[in-house]
Asks: 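Structure in structure tokens, see below.
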Amino acid sequence: MKVDGDAYRTIWPAVDGRAVEIIDQTRLPHSFETVRLETLEDAAHAIRAMLVRGAPLIGATAAYGLWLALRADASDAMLARACETLVATRPTAINLKWAVEDVRATVAPLPEGERAAAAFRRAGEICDEDVEINEAIGRHGLDLIREAHRAKDGRGPVNILTHCNAGWLATVDWGTALAPIYKAHDEGIPVFVWVDETRPRNQGAGLTAWELGRHGVPHKVVVDNAGGLLMRRGEVDLCITGTDRTTAAGDVCNKIGTYLKALAAHDNGVPFYVALPGPTIDWSIEDGEQIPIEERDGREVSHIPGRTDDGHDTAVRVTPESSAVANFGFDVTPARLVTALVTERGVCTASKDSLRALYPEHATAAAE
Ligand SMILES: CSC[C@H]1O[C@H](OP(=O)(O)O)[C@H](O)[C@@H]1O
């Protein structure tokens, strides 16, 4: 997407061929900074510390992380260690495991001298595939927004609520949940976005708001707990979120708080859509309760990072030092609360049969 007129992806090979570069998302929304990743550990740290985040982008970064590892040491031992290191960085997004396994399967059969180049090529392909997938999700999701706009019959913009950040910053480009919004905005369909701040790391307040602002999409940031009020007031025409892992039967794992939005949407008759790239489907499971839920450092809950009015970056404690905290990163929205899944192959219901019909090549692999 464009940042001050310049086209960016979230990850790209450095011009000197010695590194891969990323946007450091821990510096947004106050500073736009890029970082060079030159080693396996650089890549692992970028994922672990969430300089990059979002299921597709985590996968892309891990793929390049294998290139960085194999460039230094292309042995079987290093390949195994690198895969283990990268998969261990974050447990929930399935794209990480998928991308690592994809690159490993590509390079393992090759002579050591050919592995780094093959890993680099495959990582680039994974990035290009992600951009194509997300653009297609944008097109299919655009149809839903057009439909909502027609139903409003000129009575104001299509009011959309989204949770966390499933924009271009969560992917290589375009985003998943935000892709249809960008396409609708660019087509001149009036849209307005309620942006959940998304505690504890505020991906909504800091990343989604930044993205939408850069693209000129009207929006307002609200606290996570405002969604129910807005839906009861009829101020939300549809919800759309991303996902980090969706099961073969359509259970959706996404940022903590998604389930509560889906419950409020269900109770108020508001369509709840999930933008779902094919590589984020875990065909090996049906029950979302089997998905590992990442628990992160409690400091993300006890402290809030930000910039003071006089421009200093800091973090402040918001809980008593004596209070313990729990920091669950994700929750699971059962398929019954999902109106439809917006994939790169079209829109379908959140069900095993619908997903198998869209992805017949996985029908046999899908959990029985
Ligand atoms: C397109 S995947 C976006 C997905 O990833 C986010 O999690 P995190 O920021 O912790 O990586 C969130 O669940 C988004 O919906």
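Everything quoted here is computed from the prediction, not taken from an experiment. We number each residue from 1, following the sequence as shown. What you see below is based on every heavy atom in this structure, not just the backbone, and it leaves out hydrogens, waters and symmetry mates.
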Asks: What distance do I281 atom CD1 and I94 atom CD1 have between them, rounded to the nearest 0.5 Å?
Replies: 11.0 Å
Asks: Please list, one pair per line, the donor and acceptor atoms closer than 3.5 Å that link side chains of residues 261-270 to other protein atoms, with sequence neighbours excluded.
Replies:
unit_1 : atom_1 : unit_2 : atom_2 : d
K261   : NZ     : D196   : OD2    : 3.0
K261   : NZ     : D224   : O      : 2.7
N268   : ND2    : A264   : O      : 2.7

Asks: Considering all heavy atoms of both residues, which atom of P292 and which atom of T92 are nearest to each other, and what is their separation?
Replies: O-OG1, 2.8 Å
Asks: Is I133 reachable from V52 through a run of hydrophobic residues whose side-chain heavy atoms are each under 4.5 Å from the next?
Replies: yes
Asks: Taking C-beta and beyond as the side chain, do R317 and E321 meet within less than 4.5 Å on heavy atoms?
Replies: yes
Asks: Could you go through residues 12-25 and list every donor-acceptor pair under 3.5 Å that involves a side-chain atom there, pairing it with any protein atom two or more places apart or in another chain?
Replies:
unit_1 : atom_1 : unit_2 : atom_2 : d
W12    : NE1    : E21    : OE1    : 2.9
D16    : OD1    : R18    : N      : 2.8
D16    : OD2    : R36    : NH1    : 2.9
D16    : OD2    : R36    : NH2    : 2.9
D24    : OD1    : T26    : N      : 2.9
D24    : OD1    : T26    : OG1    : 2.5
D24    : OD2    : T26    : OG1    : 3.3
Q25    : OE1    : R53    : NH1    : 3.0
Q25    : NE2    : L169   : O      : 2.6

Asks: Which atom pairs, donor and acceptor, lie under 3.5 Å between side-chain atoms of residues 200-210 and protein residues at least two apart or in another chain?
Replies:
unit_1 : atom_1 : unit_2 : atom_2 : d
R201   : NH1    : E300   : OE2    : 2.8
T208   : OG1    : C164   : O      : 2.7
T208   : OG1    : N165   : ND2    : 3.1

Asks: Could you state the interatomic distance from CG (N134) to CG (L178), rounded to the nearest 0.5 Å?
Replies: 10.5 Å
Asks: Should W194 and L212 be counted in the same cluster of Ile, Leu, Val, Met, Phe, Trp and Tyr side chains packed under 4.5 Å apart?
Replies: no
Asks: Report the distance from atom CZ of R299 to atom CD1 of I304, rounding to the nearest 0.5 Å.
Replies: 12.0 Å
Asks: Kindly compute the distance separating OG1 (T243) from CD1 (I291), expressed to the nearest 0.5 Å.
Replies: 7.0 Å
Asks: Does any N or O in the side chain of R115 come within less than 3.5 Å of the main-chain N or O of L79, such that one atom is a donor and the other an acceptor?
Replies: no
Asks: Please tell me whether F32 and Y8 form a close aromatic pair, meaning their ring centres lie under 6.0 Å apart.
Replies: yes
Asks: With rounding to the nearest 0.5 Å, note down the distance linking CG in D102 to CH2 in W98.
Replies: 5.0 Å
